Enquirer: 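Here it is, the structure, as structure tokens.
One-based numbering, in listed order, for ligands and for the atoms of each. Quick caveat: nothing in here was measured; it's all calculated off a predicted structure.
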Amino acid sequence: MTKYTAVTQFRTVLAYLTPHRDRLILILALLLCVSAASIVPPMLAGVFTRGLLQPEEAAVGPWAIVGLWLLVAAVKAGLSAASSYIIGQTGMELTHELRQRLYEHMQVLPLSYHHSQRRGDVLTILYADTSRISHFVTGSGLQALPALVTLLAAMGMMLWLNPLLGGIAMLFLPGYMLAMKILGRRMRPLSRRLVDADSASYSVMEENLGMLPAIKAFNREPLENRRFGESLQHLLAVSRERLWIDSLYGPTMNLIGSAGLVGALALGYQQIQAGQLEAPELVSLMFYAMLMMGPLQSLANLYGQLQATRGAAERIVDFLNEQREPEDSGATNLQATGASIDFCEVSFAYPGSSQVLEALNLHIDAGETVAITGPNGAGKSTLVHLLMRFADPDAGVIRIGGVDTREATIKSVRNAIGLVAQRVLLINGPVRENIAYGKPGACNAEIEAAAISARADDFIRALPDGYDTVIGDQGVRLSGGQRQRLALARTLLKNPAILILDEATSMYDEEGETAFIHECGQSLTGKTVLLITHRESTLALADRVIRLK
Ligand SMILES: Nc1ncnc2c1ncn2[C@@H]1O[C@H](COP(=O)(O)OP(=O)(O)OP(=O)(O)O)[C@@H](O)[C@H]1O
């Protein structure tokens, strides 16, 4: 996986912030007002102390100072509440937009990408990583500037009140930053490991849910519990390592800050003894030094969280940089062409695997029904994948209606083909919605006609709610054969010029399969039909049989 620089990650995140610029500026303005309001109380403390020690010199009475202090505190609270609300709202919207963008990107990534990934990893990027990013931006990220302003303002006031103490505070700062960097250095690799461990245990959970029937059938519950336990154990170990650093980091930085504060107090004491400083100034100086502690802590947290968030940002940038499906290189719309199929000298190997197809030549006439058979792993499904442009051949040309599929739009290639795959994929929704999946907005009459053609209408009507029955995840509440019939109805409704049944009728009983082909005779007329099968009875239904070796 490529590693991207902090600048690339920053740019990627920045692109999502641009639409929120006005609101972010408002938040910054509010936070800066909060910082400005924080600068006033130390000054009031000094004036208050002077009033106590030298009442005759006091320009304003103590109650006026107390009242003013309260007013400043109330304004600060109001501004903080407003900024918190707007920050929260911006954070939610940012997460929403990032997720939407990543989801859309996920759709355009090729199947080969998804075959090489754990689903849990992709889900972690879409959910956990997006939250981490927006949490950082609207949390520590936005607090950075006001914290810096407060810090600089407090230092400026200290310099103005007492150049020596102010100067020492300024000298102390680079040392503090250095300590912050040294301590924070281990956080980034650790954060990446933490995100990886998190997504590994998520993947185990995700896989487990999909495997439940097999887990039960093989009595693997204890093994699966152990496997999940191990992934949690790993997560716990990495989290513990991180906890150590987190627990030490804040207090250590605090300790360094406090040491500076106490040092300034001791120095101030010496200056008072030497008659170079007065007590009210020392009180103000101490308040300003304490005021610096908050921003110093925020900046230390910012650095720590920045390192932690970079793990998530790295994964998001990697994901967004993944190669999408090839862009349309030509603009031909296959709808206007015929439905003949040609494979000319086609060779193909899956990345990192041995050759599946080698210089394959194949011609299928439009309207022909061809059975393709051959041993397991011969490349029958691969042939279909190439035809549908789920992948492109390494060599050779594939033509539909005489047009090189690479010269046609991917959308028109996939529109021309109706694939009923070996593994039926259905949505957890009503039967009606599943059939209309490839033709949203199809009317009930069309849906039912497709179901009748696929010999699915009878069993659908016998379901508790007929066409409105919800079928469960991947149609778990249906039998294997019923799922296949539903998938077939869905494809027939799409009315493609080329129909591919990849072992799609294997779960039909033999009589059902023959009846389907015969009864569908009319709706299949004019279509090019590819029957991928191992069954001799199915081969008999075809005009021609092609055997792949
Ligand atoms: N996504 C993939 N990545 C790597 N190799 C793959 C992938 N899909 C299939 N293969 C390999 O490609 C070869 C052809 O697989 P394919 O699914 O096309 O065979 P098939 O003829 O349809 O087999 P079956 O009759 O068992 O369905 C097999 O050796 C398989 O292991």
Enquirer: Are there protein heavy-atom neighbours of atom 6 (C) of ligand 1 below 4.0 Å?
Expert: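 It does; a protein heavy atom is within 4.0 Å.
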Enquirer: So if I count the atoms of ligand 1 from 1 in the order they appear, which ones are less than 4.0 Å from some heavy atom of Q422?
Expert: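 By the 4.0 Å cutoff, the relevant atoms are 27 (O).
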Enquirer: Considering only non-hydrogen protein atoms, determine which one is nearest to atom 25 (O) of ligand 1 and report residue, atom name and distance to 0.1 Å.
Expert: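 Protein heavy atom at minimum distance: K380 NZ, 2.7 Å.
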Enquirer: What closest approach, in Å, do S354 and A349 show between heavy atoms, and which atom pair accounts for it?
Expert: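 That closest heavy-atom pairing would be O-CB, 3.7 Å.
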Enquirer: List the closest protein heavy-atom neighbour of atom 9 (C) of ligand 1: residue, atom name, distance to the nearest 0.1 Å.
Expert: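 Among all protein heavy atoms, the one nearest atom 9 (C) of ligand 1 is Y350 CE1, 3.4 Å.
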Enquirer: To the nearest 0.5 angstrom, please state how far the CD atom of Q484 sits from the CD atom of E503.
Expert: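 So the gap between those two atoms works out to 9.0 Å.
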Enquirer: Run the numbers for me: atoms of ligand 1, each under 4.0 Å from some heavy atom of T382, listed by number.
Expert: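 Those of ligand 1 that fall under 4.0 Å from T382 are 14 (C), 15 (O), 16 (P), 18 (O).
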Enquirer: Taking NZ, NE, NH1 and NH2 as the nitrogens, is one of them in R399 or D404 under 4.0 Å from a carboxylate oxygen of the other?
Expert: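 Looking at D404 together with R399, the answer is no, because their closest N to O distance does not fall below 4.0 Å.
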Enquirer: Give the numbers and elements of all ligand 1 atoms closer than 4.0 Å to a heavy atom of S353.
Expert: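 Those atoms are 4 (C), 5 (N).
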Enquirer: Among protein heavy atoms, which sits nearest to atom 14 (C) of ligand 1, and what does the distance come to when rounded to 0.1 Å?
Expert: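 Nearest neighbour among protein heavy atoms for atom 14 (C) of ligand 1, to 0.1 Å: G377 O, 3.4 Å.
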Enquirer: With M388 as reference, evaluate L419, I498, T405 under the side chain to side chain contact (heavy atoms under 4.5 Å, CB included) test and give the passing residue.
Expert: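 With M388 as partner, side chain to side chain contact (heavy atoms under 4.5 Å, CB included) holds for just one option, L419.
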Enquirer: Yes or no: does H534 have any heavy atom under 4.0 Å from an atom of ligand 1?
Expert: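 Yes, that is the case, since the closest heavy atom of the residue is under 4.0 Å from the ligand.
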Enquirer: Looking at Y127, I'd like to know if the NZ or CZ of R99 sits under 6.0 Å from its six-membered ring centre while staying within 45 degrees of the ring's axis.
Expert: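 Yes.
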Enquirer: Are S231 and S201 close enough that a side-chain donor and a side-chain acceptor fall under 3.5 Å?
Expert: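 Side-chain D/A pair, S231 to S201: absent.
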Enquirer: What do you reckon, does G374 have a nitrogen or oxygen under 3.5 Å from a nitrogen or oxygen of ligand 1?
Expert: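 Min N/O separation from ligand 1 is not below 3.5 Å for G374.
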Enquirer: The test is side-chain contact (heavy atoms from CB on, under 4.5 Å); show your working for I364 and F343 and say whether it passes.
Expert: CA-CA 9 Å; I364 298 169; F343 278 69; over 6 Å; no
Enquirer: Ignoring hydrogens and angles, state whether a donor on the side chain of R490 or N434 is under 3.5 Å from an acceptor on the partner side chain.
Expert: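 Judged by distance alone, the side chains do not pair up.
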Enquirer: As a check for students: among P375, A391, S381, identify the option with a heavy atom nearest to atom 17 (O) of ligand 1.
Expert: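 Shortest heavy-atom distance from atom 17 (O) of ligand 1: S381.
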Enquirer: Only heavy atoms of H115, strictly under 4.0 Å: list the atoms of ligand 1 that pass.
Expert: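 In order of number, 1 (N).
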Enquirer: Run the salt-bridge test on R132 and D129 with the 4.0 Å N-O cut-off and return the result as yes or no.
Expert: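 D129 and R132: salt-bridged.
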Enquirer: Provide the number and element of each atom of ligand 1 under 4.0 Å from a heavy atom of N376.
Expert: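 Those of ligand 1 that fall under 4.0 Å from N376 are 23 (O), 24 (P), 25 (O), 26 (O).
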Enquirer: Please identify which atoms of ligand 1 are closer than 4.0 Å to at least one heavy atom of V356.
Expert: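 Near V356, the atoms of ligand 1 are 12 (O), 13 (C), 14 (C).
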